[in-house]
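Everything numeric here is computed off the predicted structure, so don't read it as measured data.
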Amino acid sequence: MPQDLPGFYYDAEKNRYFPVKSPIPGSSSRNNSSASTSAQKPPPKPNNKTKYAAKVVKMLHVRELCGNSISCNKKKVNFQEQYQKIQTSKPIIWKYQGTQRIADAALEHICLDVQTPNGLIETEILLTGGLNGTFCCYEVGSIGEHAINGLQCMPNLVHPMNIEKETASLKSPGLIWRPIGALVQMPSNVSCINLPRNHHSIDSSTSHALITTLGSESSGGSVYSMNISEPLEYDLGVAMLSRRIDEISRFKSTIWTSDSNGNQAVIGTNIGVALVNIDSGRKSWICRSKSDVLSLQFDSSGNNVLCGFRNGSIVNIDTREKSQDFHDTNTTLPRHQIPLPSRGQKREKQWFELRGNIHQSRTISMPSSVSCLAGLKTYDDYFLASSMDGTIRLYDHRFRGAVVQFYEGHVNSHTRIQIGVDPSERFLMSGGEDLCLRVWSIKSGEMLYEDKIHEVSGYICMLAVNKMWKPFWRGGMVGVSTRDVLCQ
């Protein structure tokens, strides 16, 4: 009996070997027919889920064999960073019903103690501000069930729409609750909500949230302080939130933005930057300008404030130097001539006057009005800045504002869109005027995700990466929360 040869079969009638790749005319071999049919059948096409799993498995094998460094696109990359990029490029987004126009101006996320019938429980709280002047407090989870006549908001999956129902139900982020007394109507639009940057380490007896209102045609904006050192009590009804809010300062000018650091706050207005003592309400000017201050932020030391102007300038102000009394009509602050950003084909260098204790060597110019500034805690000398022409850049203070990285694709024309940075400071996220959500890698500038998210503008939304829920963003063209946007 002839021996079996790999890749061939033996035909007894013809007394010879034939390859198994194709059928042989006149062959009566059954094995030949079945082998030919199998060879002609194309392999099944892998779906997206199979491709994703295969990519992850390959990365795991390479890591186990070659260590933490792997090859990707003909270069060596860190395994952990590459895997996080894959996770971040596939977010899941939920929208909460009944929250439209509640958080379209400001949003902050914090953990607070809540007094319930079962005792004191720490829970996640959302502080939201609307362009219609509403200020609200939401509880994330099931503790809000104890609220008297509380409003329950259900999450609806908005992206991706083709996800399996069973999987989506397991990943649902849960309800958010608003007690009946957790809504306050402010005298004008809410312009900003923020917490002290060191609110986790400061004395609990002085812990507060800062709320500012924009102002109206007949009156200016105001600065409010909300006490967050005492536990929330859901059984107090309408007095629950209103009794915690106190007006600490009133302005005749428009208030665009603010930031706080311990017992002091900086307020960005249409005529400059004011320093306000939160305990006493005393205020003074640290910068005067004819260009609106649309964004600002304390640095990590709390001694300097980074300010972004409507004319595109970014300046650094020292709060320790002598300031100007708020009611003093004679401006005593140092005078500076700041170069304006060059736009169009105008070759003549233009300047604008600014008074304040600024570090002139750190002055930076962006192509358009500065809509948002975000410092990085991991690297004190780096900060992100976005302008109203869609430009987003990473700057370095040490080299006269050298541009470290560019982030392409953002769409903006006139809106104060906020940008968000994840807690690990690896990813940057923002919504655009085109209703697209985009996520970039801060280190490489690579866009990891871009998609139009329909019917979320003005709603509270939650985004998940790798089955973990943390972030809250306002959706649509308004942008995102400035903290805790993506999960680690």
Side-chain angles (χ1 to χ4, degrees), residues 96-153 175-196 199 202 204-215 221-250 255 258 260 265 278-279 281 458-460 472 474 481-484:
Y96 282 94
Q97 296 294 334
T99 62
Q100 191 174 20
R101 301 190 66 191
I102 292 294
D104 54 0
L107 184 149
E108 276 291 351
H109 171 232
I110 187 174
C111 289
L112 294 177
D113 290 332
V114 176
Q115 186 66 53
T116 71
N118 298 325
L120 204 62
I121 301 176
E122 186 181 59
T123 187
E124 293 181 282
I125 298 293
L126 296 182
L127 304 177
T128 68
L131 294 175
N132 57 4
T134 57
F135 175 74
C136 299
C137 176
Y138 286 89
E139 185 271 332
V140 183
S142 59
I143 297 180
E145 295 177 356
H146 302 291
I148 302 175
N149 299 323
L151 175 65
Q152 172 182 291
C153 300
L175 306 174
I176 63 174
W177 295 79
R178 191 186 79 202
I180 192 172
L183 185 150
V184 176
Q185 189 65 40
M186 309 300 280
S188 61
N189 299 349
V190 176
S191 58
C192 190
I193 302 172
N194 54 58
L195 304 168
H199 70 274
I202 62 175
S204 60
S205 62
T206 61
S207 187
H208 62 272
L210 197 68
I211 309 158
T212 59
T213 56
L214 188 67
S222 295
V223 182
Y224 298 85
S225 174
M226 175 185 170
N227 181 7
I228 56 176
S229 61
E230 299 176 2
L232 295 176
E233 298 181 40
Y234 278 135
D235 58 350
L236 294 181
V238 295
M240 191 198 79
L241 194 59
S242 59
R243 72 177 182 89
R244 292 174 173 266
I245 300 176
D246 296 311
E247 184 180 39
I248 60 176
S249 186
R250 187 175 298 181
I255 296 179
S258 65
S260 59
I278 296 176
D279 296 328
Y459 286 88
I460 296 177
F472 304 90
R474 300 194 293 272
S481 172
T482 56
R483 294 185 180 91
D484 296 332

Trainee: On a heavy-atom basis, which atom in C137 and which in P179 lie closest, and how many Å separate them?
Mentor: O-CD, 3.9 Å
Trainee: For the backbone of S188 and the side chain of T213, can you confirm whether one donor and one acceptor N or O come within less than 3.5 Å of each other?
Mentor: no
Trainee: Check T212 against S258 and note the closest heavy-atom contact, atom names and distance.
Mentor: CG2-OG, 3.5 Å
Trainee: With sequence neighbours left out, write down each residue that passes side chain to side chain donor-acceptor pair (under 3.5 Å) with R101, or none if nothing qualifies.
Mentor: none
Trainee: To the nearest 0.5 angstrom, please state how far the CD1 atom of I460 sits from the OH atom of Y138.
Mentor: 5.0 Å
Trainee: When rounded to the nearest 0.5 angstrom, what is the spacing between CG in N132 and CG in N189?
Mentor: 7.5 Å
Trainee: Would you find a donor on one side and an acceptor on the other, under 3.5 Å apart, between the side chain of S225 and the backbone of H208?
Mentor: no
Trainee: Nearest 0.5 Å, what's the CD1-OG distance between I255 and S249?
Mentor: 7.0 Å
Trainee: Could you measure the distance from the CE atom of M186 to the OG1 atom of T134? Nearest 0.5 Å is fine.
Mentor: 10.0 Å
Trainee: Atom CG in L126, atom CD1 in I176: separation rounded to 0.5 Å?
Mentor: 6.0 Å
Trainee: Determine the minimum heavy-atom distance between T99 and Y96, stating which atoms define it.
Mentor: OG1-O, 2.7 Å
Trainee: Indicate yes or no for a side-chain donor-acceptor contact from E108 to the backbone of C192 under 3.5 Å, with no hydrogens or angles considered.
Mentor: no
Trainee: Tell me, please, which residues at least two apart from L112 pass side chain to side chain contact (heavy atoms under 4.5 Å, CB included).
Mentor: I110, I125, I228, L232
Trainee: Does any part of the side chain of V223, heavy atoms only, come nearer than 4.5 Å to the side chain of L210, both counted from C-beta?
Mentor: yes
Trainee: Does R244 reach the main-chain N or O of N227 with its side chain, forming a donor-acceptor pair under 3.5 Å?
Mentor: yes
Trainee: Under the side chain to side chain contact (heavy atoms under 4.5 Å, CB included) test, which residues partner D113, sequence neighbours left out?
Mentor: L120, E122, P231
Trainee: Has the side chain of D104 got a donor or acceptor atom that lies under 3.5 Å from a matching backbone atom of L131?
Mentor: yes
Trainee: Less than 4.5 Å apart, any side-chain heavy atom of V140 and any of H109?
Mentor: no
Trainee: Would you compute the distance between atom CZ of F135 and atom CG of L241 and round it to the nearest 0.5 angstrom?
Mentor: 5.5 Å
Trainee: Check whether any side-chain heavy atom of Q97 lies under 4.5 Å from a side-chain heavy atom of C153, and answer yes or no.
Mentor: no
